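Numbering starts at 1 and runs along the sequence shown. If you're wondering where the values come from, they're calculated on a predicted model, not measured in any experiment.
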Amino acid sequence: MQQTNQINNLEASSKHDAITLGNRKAYFVGSGIASLAGAAFLIRDGLIPGEAIQIFEELKITGGSLDGAGSPDKGYVIRGGRMIEEHYVCTYDLFASIPSLTDPAKSVKDEIFEFSRKYVSNSRCRLVRDGQKVDVSSFELSEKDRLDLVSLMMHSEHSLGAKRIEDWFSPTFFENNFWLMWATMFAFQPWHSVVELKRYLLRFIQLFPDFNKMGGVWRTPYNQYDSMILPLVNWLKAQGVQFTLNTEVTGLDFDLGAEQRSVKGIRYSRDGKPECIAVAADDLVFVTLGCMTENSSLGTMSSPAILNTTKSNGAWLLWEDIANGRPGFGHPAVFADHIDQTKWQSFTVTLTDPAFFDFIEEFTGNQAGTGGLFTLTDSNWFMSIVLAHQPHFINQPENVYVFWGYGLFPDRIGNFVNKSMSDCSGEEILSELFQHLKLGDQAQSIIDTANCIPCLMPFITSQFMPRVEGDRPDVVPVGAKNFAFIGQFCELPDDVVFTVEYSIRSALTAVYSLLDIKNEIPPVFKGQHDVGVLFNALKTMHR
């Protein structure tokens with residue numbers, strides 16, 4: 001009840017102070033977690049009435065890359081999931097204010113904390129080779145590997161520049177247990193930015209001692225769309241926030257003065273009709289730059305997902321238009337023009353037979369939801385799967401089971417199916433997976449009742465591409481008066497992209513900066529400054 005009272009008080013304050021705010025309006029481009037969080041912060045901390053906030057979304061559904069959809073009949077789909085952990089301070093700051101969808105007396109934060117403490121990650125099977133569990137008690141790091149890791153963490157980002165991970169380590173580094181677990185847990189590739197790896201090493205150094213067990217990884221009760229996006233959207237709608245869906249923002253009109261820069265118009269297309277909104281000097285505009293799930297395509301049990309590389313519309317084209325000829329607005333081509341290095345493929349499997357879950361739980365020694373991701377190290381596709389706690393969707397019946405997987409090398413020919421992963425139907429992906437697991441006679445009967453939906457994502461790790469200072473713009477660029485950039489492709493010191501926390505931190509930074517709110521933004525957790533954390537990490541590296 002205390003949480004409900006806090007929310008009611010916030011709503012009352014918002015309506016009371018709206019009189020002093022005149023006709024100021026706020027606009028968000030994109031409806032991903034960054035925009036949704038930004039709208040909530042405007043209402044909660046900026047005392048902007050919800051009715052003054054409008055969110056534009058190109059798709060017919062909110063949530064951006066944090067999605068989860070489908071039905072037991074047509075099959076469920078999750079393009080991907082984001083790891084969360086205890087020190088996501090901006091995330092929990094936001095969701096402490098948002099009521100749970102299933103129990104309004106609790107906040108979403110309470111729900112996540114309770115669930116993660118009940119279903120503790122303790123993987124007994126992190127890597128699999130030749131159908132057998134691999135002993136991962138050792139990271140298998142050589143002395144040179146350890147020195148390279150420590151040296152990387154000590155180097156400045158400026159000195160590292162646009163180096164790739166493979167430029168920093170010897171070739172044998174990419175064969176040890178540490179890299180196999182790290183790469184698949186966070187979706188890193190050897191050609192990705194060594195600066196991003198450095199940030200990740202420092203950001204998650206506290207997880208090192210139990211990294212082989214996925215210790216410290218937290219989860220939401222359901223998929224992240226049902227557990228995070230839906231309750232947040234419901235709360236925003238209750239405050240009067242306007243969601244304008246199926247609407248593509250095609251450009252912004254800027255007033256570029258000598259010392260100040262501002263947005264004066266938003267161009268968009270709805271139902272094929274071009275329109276424009278005039279933006280007043282004291283209005284606010286928040287733009288989500290880029291999109292890691294742009295141009296995603298789905299396959300079926302009988303057909304593959306088709307790679308879509310066009311940039312004729314959408315978030316990337318908008319960023320190109322914004323940045324063209326305007327210094328300080330970033331360089332989208334650095335991230336978006338390397339699809340061969342940024343794509344991978346996921347798949348979501350809906351089952352009506354518990355046989356596969358029974359097999360995996362016995363094989364791994366973990367009940368679904370307690371083990372986490374495990375990786376087939378000898379898979380040409382570098383394939384991993386995870387069985388979440390069931391039900392994974394709010395509307396999922398008791399006799400339906402859903403699991404998710406992905407492959408980092410979708411262009412390679414399978415070990416058993418003579419096709420690249422990207423050319424495979426859902427049935428062929430399952431056939432490859434089940435033969436790796438040596439499922440035997442029961443494989444076909446499981447496939448006969450399964451619905452595997454492949455998803456090919458051309459830009460999914462674009463935020464990891466090698467970059468230098470200026471490639472990602474500041475949240476509030478120099479001279480910006482009424483606009484900010486949010487999401488995965490703006491610059492936030494120390495924090496790591498490909499996380500919910502990064503998007504929410506960008507939104508909090510943007511709102512507090514533009515409104516000159518003096519509240520402290522929770523600092524990024526820095527475990528390397530804790531002697532105990534640092535000692536345990538170094539000790540673990542020598543296992």
Side-chain angles (χ1 to χ4, degrees), residues 26-32 34-35 38 55-58 64-65 157-158 161-162 193 195-196 248-269 276-292 294 311-338 342 459 462-493 495 497 502-503 505-515:
Y27 302 98
F28 288 86
V29 178
S31 71
S35 287
I55 298 177
F56 293 96
E57 171 55 52
E58 180 183 3
S65 299
E157 293 188 5
H158 179 75
S193 167
V195 171
E196 296 300 340
E248 179 192 354
V249 173
T250 56
L252 303 179
D253 295 324
F254 288 90
D255 181 3
L256 303 178
E259 296 183 358
Q260 290 189 334
R261 300 187 285 182
S262 61
V263 173
K264 62 180 182 179
I266 300 174
R267 288 175 275 119
Y268 65 95
S269 175
C276 183
I277 289 179
V279 177
D282 61 346
D283 288 344
L284 303 172
V285 179
F286 302 86
V287 183
T288 301
L289 294 179
C291 178
M292 60 181 143
E294 184 87 7
K311 287 193 293 180
S312 58
N313 54 17
W316 292 111
L317 195 65
L318 174 62
W319 188 6
E320 288 178 3
D321 182 74
I322 290 172
N324 186 24
R326 300 184 180 109
F329 289 179
H331 304 114
V334 169
F335 309 99
D337 287 2
H338 310 276
T342 62
F459 304 106
S462 51
Q463 64 274 28
F464 281 167
M465 290 305 293
R467 58 174 178 78
V468 295
E469 185 178 350
D471 288 338
R472 298 195 305 218
D474 292 337
V475 173
V476 179
V478 174
K481 180 182 178 183
N482 70 341
F483 68 94
F485 298 131
I486 57 177
Q488 297 294 299
F489 296 94
C490 58
E491 177 58 30
L492 291 170
D495 218 342
V497 292
Y502 198 91
S503 289
R505 181 178 293 278
S506 73
L508 188 62
T509 301
V511 169
Y512 281 20
S513 297
L514 289 184
L515 292 182

Could you walk me through whether Val468 and Val334 pass side chain to side chain contact (heavy atoms under 4.5 Å, CB included), step by step? CA-CA 9 Å; Val468 295; Val334 169; over 6 Å; no

Holding to side-chain hydrogen bond (donor to acceptor under 3.5 Å, both in side chains), I want the full list of residues that pass it with [X], two or more places apart in sequence or in another chain.
X      : value
Ser65  : Thr293
Glu157 : Arg199
Ser462 : none
Ser506 : none

Can you name the side-chain contact (heavy atoms from CB on, under 4.5 Å) partners of [X], sequence neighbours left out?
X      : value
Ala510 : Phe286, Val475, Ala484, Ile486
Ala480 : Val476, Pro477, Phe483
Ala333 : Asp337

Please tabulate, for the side chains in residues 322-330, all donor-acceptor contacts under 3.5 angstrom to protein atoms that are two or more places apart in sequence or on a different chain.
unit_1 : atom_1 : unit_2 : atom_2 : d
Arg326 : NH1    : Asp321 : O      : 3.0
Arg326 : NH1    : Ile322 : O      : 2.9

Listing request: all side-chain hydrogen bond (donor to acceptor under 3.5 Å, both in side chains) pairs with a residue in residues 251-261, at least two apart in sequence or in separate chains.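 Pairs touching residues 251-261 that pass the test: Asp253-Arg267.
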
ring-ring contact (aromatic ring centres under 6.0 Å, His included) partners for Tyr27, two or more places apart: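 Counting only residues at least two positions away or on another chain, Tyr27 forms no ring-ring contact (aromatic ring centres under 6.0 Å, His included).
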
Which pairs pass salt bridge (charged side-chain N to carboxylate O under 4.0 Å, His left out) with one or both residues in residues 468-488, sequence neighbours excluded?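 Counting only pairs at least two positions apart or across chains, the salt bridge (charged side-chain N to carboxylate O under 4.0 Å, His left out) contacts touching residues 468-488 are Glu196-Arg472, Arg472-Glu491.
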
